[in-house]
Number of protein chains: 2
Amino acid sequence: MTELLIRNILNHITLSNKELENFCNLFNQKEVLKKHFLLREGKLCKFEGFVIKGLFRVYHIDSNGFEQVLYFAKENWWVTDIDSFTNDKPSQLYIQALEDSEVLLISKRDKEFAYNNIPKIEELFRVMTQKTHIALQRRIIDNLSKTADQRYLDFIEKYPNLFQRLTNVQIAAYLGISHEFLSKIRRKIASK
Amino acid sequence: MTELLIRNILNHITLSNKELENFCNLFNQKEVLKKHFLLREGKLCKFEGFVIKGLFRVYHIDSNGFEQVLYFAKENWWVTDIDSFTNDKPSQLYIQALEDSEVLLISKRDKEFAYNNIPKIEELFRVMTQKTHIALQRRIIDNLSKTADQRYLDFIEKYPNLFQRLTNVQIAAYLGISHEFLSKIRRKIASK
DNA sequence: ACAAAATATTGAACAAGTTCAATAACTGAA
DNA sequence: TTCAGTTATTGAACTTGTTCAATATTTTGT
């Protein structure tokens with residue numbers, strides 16, 4: 001069941017079989033059924049997760065009760081609240097399964113064990129964090145500069161298979177617009 | 001001149017004097033006068049920089065010619081285009097001095113040398129990247145959920161001394177609104 | 001296959017933010 | 001000190017996106 005994880009890691013760095021095995025053994029598999037939560041606001045995020053099946057939404061609820069989706073995580077993607085996890089503080093995020101899902105979880109202690117005993121793991125997470133960092137910068141620029149129409153088109157182009165598994169409400173919460181307006185955008189695009 | 005850099009590093013991790021000295025010696029100081037560029041779109045970003053004096057804006061110009069500010073960097077802040085720097089690809093960003101400034105620059109080769117010879121440096125950059133990562137996530141949620149008025153108020157509260165050194169045009173480009181609209185927001189706030 | 005629930009669409013009135021053009025205030029260099 | 005260039009303010013018309021409420025469509029559980 002760590003086949004997918006191994007391939008994901010090797011995509012970022014090179015690691016011996018022994019190192020891979022030692023690292024992967026630190027993960028525990030968990031099933032999360034549709035609509036169930038991996039994390040809720042106010043709780044400590046005690047894991048870093050790798051999705052092997054299904055789909056999650058990572059979102060925030062603001063003071064007006066509106067939900068903003070920070071990101072989606074499907075098979076082969078990592079999922080955590082890095083702020084809560086690294087700084088041991090209550091999470092401001094919810095992580096909910098949108099489909100029946102399975103994740104591999106590593107605890108903070110085991111991750112630190114890996115940092116100390118498998119030097120390359122430090123590099124792995126540095127490289128992964130950097131890649132996410134770049135994607136976040138890109139998204140900020142896009143959110144600042146692009147119209148909702150364009151952000152929607154970008155989204156379905158960038159994540160064509162993800163898009164098919166999401167409702168308009170979820171996509172709108174990611175784009176930062178109301179789902180009614182997304183509906184109007186879709187009509188406008190379809191009529192072309 | 002590396003006094004500020006040393007204090008900044010020790011703020012993230014602990015390092016012996018020897019390690020600090022070895023690492024800091026890899027930096028070269030550079031002066032950048034107001035309105036001059038540290039990086040332009042299309043160029044390779046060959047440095048990671050630490051600002052010891054002055055102020056920079058890191059921005060993008062979109063296809064309509066509008067500028068979006070990704071972030072500002074003043075004394076004691078780091079500045080680079082991490083995408084261009086780590087992936088050796090042409091930058092999509094401009095980095096311009098808004099005041100007469102001075103930066104300490106480290107090259108990619110020297111940074112890699114540090115990774116290989118001062119193990120803790122890997123941790124330093126992992127920790128720094130994580131902190132930035134968290135800030136970027138926060139900004140995405142804020143941009144999605146908050147009105148321009150609130151984002152402006154947040155900005156001047158979060159960066160009170162930075163705000164005084166910036167023009168409305170710069171702040172508007174950071175908030176993602178027109179400077180005229182920012183002017184109207186300021187009037188509305190002042191009238192209360 | 002059916003009922004219930006969740007999701008999507010639509011329109012009308014409204015709010016937030018842009019654009020353009022004109023004027024005012026400020027800054028810096030000679 | 002002046003004046004030229006930059007930066008800020010304002011108003012009017014416009015565009016983008018929201019809100020609310022009603023209706024249509026799809027999905028889900030039994």
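With rounding to whole Å, A/Asp149 atom CG is found 15 Å from D/dT18 atom C1'. With rounding to whole Å, A/Phe66 atom CZ is found 12 Å from C/dA16 atom P. Nucleotide C/dG28 holds its P atom 11 Å from the CD atom of B/Glu99, rounded to whole Å. Separating the CD atom of A/Gln150 from the P atom of D/dT16 is a distance of 13 Å, rounded to the nearest angstrom. With rounding to whole Å, A/Glu67 atom CD is found 14 Å from C/dA6 atom P. With rounding to whole Å, B/Gln68 atom CD is found 14 Å from C/dT18 atom C1'. Atom-to-atom, CZ of B/Phe181 to C1' of D/dT16 comes out at 12 Å; the value is rounded to the nearest Å. Across the protein-nucleic acid pair, B/Asn64 atom CG and C/dT18 atom C1' stand 13 Å apart, rounded to whole Å.
In terms of phosphate contacts, B/Thr147 brings a side-chain nitrogen or oxygen within less than 4.0 Å of OP1 or OP2 of C/dG17. Here A/Arg187 reaches the OP1 or OP2 of C/dT10: one of its side-chain N or O atoms lies under 4.0 Å away. OP1 or OP2 of C/dT10 has not a single side-chain nitrogen or oxygen of A/Arg186 nearer than 4.0 Å.
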Side-chain donor/acceptor pairs under 3.5 Å, residues 118-126 of chain B, sequence neighbours excluded:
| residue | atom | partner | partner atom | Å |
| --- | --- | --- | --- | --- |
| B/Lys120 | NZ | B/Thr14 | O | 3.0 |
| B/Lys120 | NZ | B/Thr14 | OG1 | 3.4 |
| B/Glu122 | OE2 | A/Arg126 | NE | 2.4 |
| B/Glu122 | OE2 | A/Arg126 | NH2 | 3.0 |
| B/Arg126 | NE | A/Glu122 | OE2 | 2.4 |
| B/Arg126 | NH2 | A/Glu122 | OE2 | 3.0 |

Base contacts versus sugar-phosphate-only contacts with protein, heavy atoms under 4.0 Å: please encode nucleotides 21-30 of chain D as B, S and - from 5' to 3'.
-------S--
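Note: A/Phe23 and A/Phe27 have perpendicular aromatic rings, judged against thresholds of 30 and 60 degrees for the angle between ring planes. Relative orientation of the A/Tyr152 and A/Phe163 rings is perpendicular, given thresholds of 30° and 60° on the angle between their planes.
Take the nearest nucleotide of DNA chain D for A/Ala148 and for B/Leu182: the residue whose nucleotide is more 5' is B/Leu182.
Across B/Lys35, B/Arg165, B/Lys74, a single residue satisfies salt bridge (charged side-chain N to carboxylate O under 4.0 Å, His left out) together with B/Glu99, and that is B/Arg165. The residue from A/Val103, A/Asp110, A/Ile95 that alone fulfils the side chain to side chain contact (heavy atoms under 4.5 Å, CB included) condition with A/Phe47 is A/Ile95.
Because its NZ or CZ atom is both nearer than 6.0 Å to the ring centre of B/Phe85 and within 45° of the ring axis, B/Lys108 counts as a cation-pi partner of that residue. Judged by the 6.0 Å and 45° rule, A/Arg139 forms a cation-pi pair with A/Tyr174.
Counting heavy-atom neighbours within 6.0 Å of B/Phe113 CZ, excluding the residue itself, gives a total of 12 or less. The number of heavy-atom neighbours closer than 6.0 Å to CG of A/Asn25, taken from other residues, nucleotides and ligands shown, is above 12.
Closest to the side chain of B/Lys184, from the set C/dG11, C/dT19, D/dT16, is C/dT19.
Listed in residue order, the members of residues 161-179 of chain A having a heavy atom less than 4.0 Å from DNA chain D are A/Gly176, A/Ile177, A/Ser178.
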